[in-house]
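First comes the structure, then the notes that go with it.
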Amino acid sequence: MKVTVVGAGAVGASCAEYIAIKDFAEEVVLVDIKEGFAEGKAMDLMQTASLNGFDTKITGVTNDYSKTADSDVAVITSGIPRKPGMTREELISTNAGIVKQVAENLIKNSPNVTIIVVSNPMDTMTYLAHKATNLPKNRIIGMGGALDSARFKYRLAEALGCPASDVDGMVIGGHSDTGMIPLTRLATRNSVPVSKFISEEKMDYVREETKVGGATLTKLLGTSAWYAPGAAVSAMVQAIACDSKKMFPCSCLLEGEYGLNDISIGVPAIIGKNGIEEIVEIELDDAEKAKLNESAEAVRKTNGLL
Ligand SMILES: NC(=O)c1ccc[n+]([C@@H]2O[C@H](COP(=O)([O-])OP(=O)(O)OC[C@H]3O[C@@H](n4cnc5c(N)ncnc54)[C@H](O)[C@@H]3O)[C@@H](O)[C@H]2O)c1
Ligand SMILES: O=C(O)C[C@H](O)C(=O)O
């Protein structure tokens, strides 16, 4: 398994590090446009191999896509992150050009690659990657829901006073401050609905903190987060590499599923060696359906800026 990670910045390097530590890929190629940057990150990471006990070979290149040839999976993290007070949507004018060019370069050298898009505004960048490459819909996946769901579980565990491993929950919809839909109705603690343990008021707090999870960290850090994003995208790469058929909410190109068409937005999907192997249509109640439609409208508005 050969994995390319474009963008050797905070998220790209974190993603490469988690992939290496999990030791399921033979090779990770880091690509960045900044001269020597990916080479430096790769060398630094390789010097952790004997300490962390992995055999994955990590190399870095400056904008040389020939070194990415025949990648099985490519992760796009290239582009600018937001600063405190900004929305992800405000990044579109800079990031659209970068993501389009990167996606085109990737498929020229790896025609069979499956692409995971991370750069923001992620749902629109995923849609753009589809338009730019024309790859089959199963081979372009947007990473957002896996991260948002991990943050949802963090907030649920905090409210319940229990370990995050005790809770299960999922966030669907657009990866934006207002578009995320934490499915509190379906969240459980060891199969028991979380509503059994926490008040509606606490649930509202969990829901709202989950939605602004990225903004909260951006305010604290001065730039956006990288550990949980890196872990989330590496988990998706691992699901493809190991053909594990794990279910992640992720940005999928919809063709009628959930009553939506010609849009990439977060819905649950089974991820395996073929990328998106199945979009899972869960039964939403009327309020959840209305929120998903509203979230889709907002994503369409951003797509209109392309
Ligand atoms: N989808 C998500 O859940 C999620 C989570 C975190 C961050 N993000 C997004 O990921 C992106 C990266 O965030 P970051 O914190 O790693 O930023 P960063 O600034 O640390 O890293 C981005 C890197 O991309 C490189 N780059 C720019 N143009 C390039 C090009 N044409 N080719 C190759 N490399 C190029 C830059 O040189 C830089 O090293 C941002 O858009 C951010 O908003 C998304
Ligand atoms: O918040 C951001 O801008 C980055 C990312 O989308 C996140 O959710 O951490």
Side-chain angles (χ1 to χ4, degrees), residues 10-11 13-24 48 51-54 116 118 122 141-173 175 177 180-221 224-251 266-272 280 282 284-285 288 291:
V11 178
S14 166
C15 166
E17 182 177 15
Y18 285 121
I19 291 172
I21 287 173
K22 292 176 186 173
D23 213 10
F24 59 83
T48 71
L51 298 164
N52 286 331
F54 62 78
I116 304 180
V118 178
M122 182 279 294
I141 318 169
M143 192 292 287
L147 170 65
D148 303 333
S149 301
R151 288 180 176 150
F152 183 33
K153 289 179 230 178
Y154 165 81
R155 289 297 180 189
L156 280 171
E158 182 186 56
L160 288 159
C162 73
S165 55
D166 242 22
V167 298
D168 199 8
M170 184 162 61
V171 177
I172 62 167
H175 179 63
D177 297 341
M180 284 177 211
I181 307 159
L183 293 174
T184 44
R185 182 179 62 89
L186 300 175
T188 59
R189 176 179 183 179
N190 288 340
S191 309
V192 182
V194 290
S195 56
K196 166 99 183 125
F197 306 103
I198 50 175
S199 63
E200 195 44 50
E201 197 187 1
K202 260 197 175 167
M203 201 84 101
D204 285 343
Y205 173 80
V206 165
R207 199 180 290 121
E208 291 316 307
E209 286 302 316
T210 300
K211 288 165 68 179
V212 297
T216 301
L217 285 162
T218 302
K219 194 168 167 207
L220 290 168
L221 297 165
S224 56
W226 56 88
Y227 294 120
V233 71
S234 71
M236 292 174 73
V237 174
Q238 185 173 22
I240 298 170
C242 303
D243 192 24
S244 62
K245 322 279 187 205
K246 259 176 92 76
M247 184 165 78
F248 293 93
C250 52
S251 198
V267 293
I270 308 296
I271 305 297
V280 180
I282 53 172
L284 298 177
D285 68 19
E288 291 156 354
K291 281 188 190 153

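- Put simply, the side chain of W226 reaches to within 4.5 Å of the side chain of L221, judged on heavy atoms.
- The NZ atom of K153 sits 9.5 Å away from atom CE of M170, with the distance rounded to the nearest 0.5 Å.
- Using a 4.5 Å heavy-atom cutoff, the side chains of I271 and I240 are in contact.
- Taking 4.5 Å as the limit, some side-chain heavy atom of S195 sits within range of a side-chain heavy atom of M203.
- Counting non-hydrogen atoms of neighbouring residues, nucleotides and ligands closer than 6.0 angstrom, the CD atom of E200 exceeds 12 such neighbours.
- The only member of R207, R151, K211 that meets side chain to side chain contact (heavy atoms under 4.5 Å, CB included) when paired with M180 is K211.
- Take D177 and apply the side chain to side chain donor-acceptor pair (under 3.5 Å) test, not counting sequence neighbours, and it matches R82, R88.
- The pair K291-E288 fails the salt-bridge criterion, with no side-chain N (NZ, NE, NH1 or NH2) lying under 4.0 Å from an Asp/Glu carboxylate O.
- Applying the salt bridge (charged side-chain N to carboxylate O under 4.0 Å, His left out) rule to pairs touching residues 224-236 yields nothing, sequence neighbours excluded.
- Looking only at distances, no side-chain donor or acceptor of S224 sits under 3.5 Å from a matching main-chain atom of T218.
- In this structure, G144 and H175 approach most closely via the heavy-atom pair CA-ND1, 3.9 Å.
- With values rounded to the nearest 0.5 angstrom, F197 atom CZ is found 9.5 Å from T188 atom OG1.
- Of all heavy-atom pairs between S149 and G169, the closest is CB-O, 3.9 Å.
- Side chain of S234 to main chain of A231: a donor-acceptor pair is present (N/O by atom type, distance under 3.5 Å, no hydrogens or angles).
- A 4.5 Å side-chain heavy-atom check between V233 and Y18 finds every atom pair outside the cut-off.
- Nearest heavy atoms, P182 versus V171: CA-CG2, 3.9 Å.
- For K245, the NZ atom sits in a packed shell: over 12 heavy atoms of surrounding residues, nucleotides or ligands are nearer than 6.0 Å.
- Put simply, the side chain of T210 gets close to the backbone of V206: a donor and an acceptor are under 3.5 Å apart.
- Heavy-atom minimum distance, M122 versus G142: SD-CA, 3.5 Å.
- Listed by first and then second residue, the side chain to side chain donor-acceptor pair (under 3.5 Å) pairs that reach into residues 162-173 are D166-R189, D166-N190, sequence neighbours excluded.
- Look at D204 and K202 and you find no salt bridge, because none of the NZ, NE, NH1 or NH2 atoms lies under 4.0 Å from a carboxylate O.
- When all heavy atoms of V11 and P229 are compared, the pair lying nearest together is CG1-CB, 4.1 Å.
- Using a 4.5 Å cut-off on side-chain heavy atoms (C-beta onward), I172 and P268 make contact.
- Two residues are said to be in side-chain contact when any heavy atoms from C-beta on lie closer than 4.5 Å; F152 and T184 meet this criterion.
- Side-chain contact check for I282 versus L186: some heavy-atom pair is nearer than 4.5 Å.
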